[in-house]
Amino acid sequence: MQSIRSVLFTAVAITVTLVAFVFTASLALALAGIAAVVAIGSAIAAKLNRRPAHVHARTNPTGAERQMRIWNDGRGTIIDL
C-alpha cells in the first residue's frame, strides 16, 4: 500500500511540474511576441517620422554683414546668425 501511494504522489508531482513548465513557457512565448510587436511598431514609427530640415545661411551678394533670421518651423525655433 505504501509503494502504491508513493508511486501516485510521484506521478502527481511530475504532472504538476509539467503543467507548470508548459504554463511558464507559454507566458514567456506570449511576452516575447508582445515585445516583438512593440519593437516592430517602434521601428515603423521611427521610420515614418520626418527628418530634420537642413538650413544653410546665405551670404549677401554685396558682402555686407549678414542679418540674423529667426523663425519657427513647427518643431522648434531656428536662429540663423
Side-chain angles (χ1 to χ4, degrees):
M1 191 68 172
Q2 186 71 8
S3 65
I4 294 174
R5 186 179 300 164
S6 66
V7 169
L8 287 176
F9 281 145
T10 304
V12 168
I14 289 173
T15 304
V16 168
T17 304
L18 287 175
V19 167
F21 175 75
V22 168
F23 180 70
T24 304
S26 67
L27 284 181
L29 188 61
L31 183 62
I34 291 170
V37 168
V38 169
I40 291 170
S42 175
I44 291 172
K47 194 169 201 157
L48 293 177
N49 279 345
R50 297 186 308 190
R51 294 184 181 181
H54 298 286
V55 179
H56 301 285
R58 287 184 247 151
T59 57
N60 285 339
T62 60
E65 184 179 322
R66 293 189 303 191
Q67 294 180 346
M68 183 170 65
R69 298 184 301 156
I70 301 173
W71 73 94
N72 190 341
D73 67 348
R75 292 176 286 177
T77 303
I78 298 172
I79 302 173
D80 183 12
L81 298 176

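These numbers come from a predicted model, not from an experiment.
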- Any chance you could pull the hydrophobic cluster mates of Phe9, using side-chain heavy atoms under 4.5 angstrom and chaining through other members? none
- Task: Share the residues that join Leu31 in a hydrophobic cluster, the rule being Ile, Leu, Val, Met, Phe, Trp or Tyr side chains under 4.5 Å apart at the heavy-atom level.
- Result: none
- Message: List the residues meeting side chain to side chain contact (heavy atoms under 4.5 Å, CB included) with Ile14, not counting sequence neighbours, and say none if there are none.
- Response: Thr10, Leu18
Report all side-chain donor-acceptor pairs from residues 38-46 shorter than 3.5 Å, counting only partners two or more places apart or in another chain.
none

For residues 21-28, please give each side-chain donor-acceptor pair under 3.5 Å, one per line with the distance, not counting sequence neighbours.
residue, atom, partner, partner atom, Å
Thr24, OG1, Ala20, O, 2.8
Ser26, OG, Val22, O, 3.4
Ser26, OG, Phe23, O, 2.7

- Query: Quick one: hydrophobic cluster around Leu29, which other residues, with the 4.5 Å side-chain cut-off, linked directly or via members?
  - Reply: none
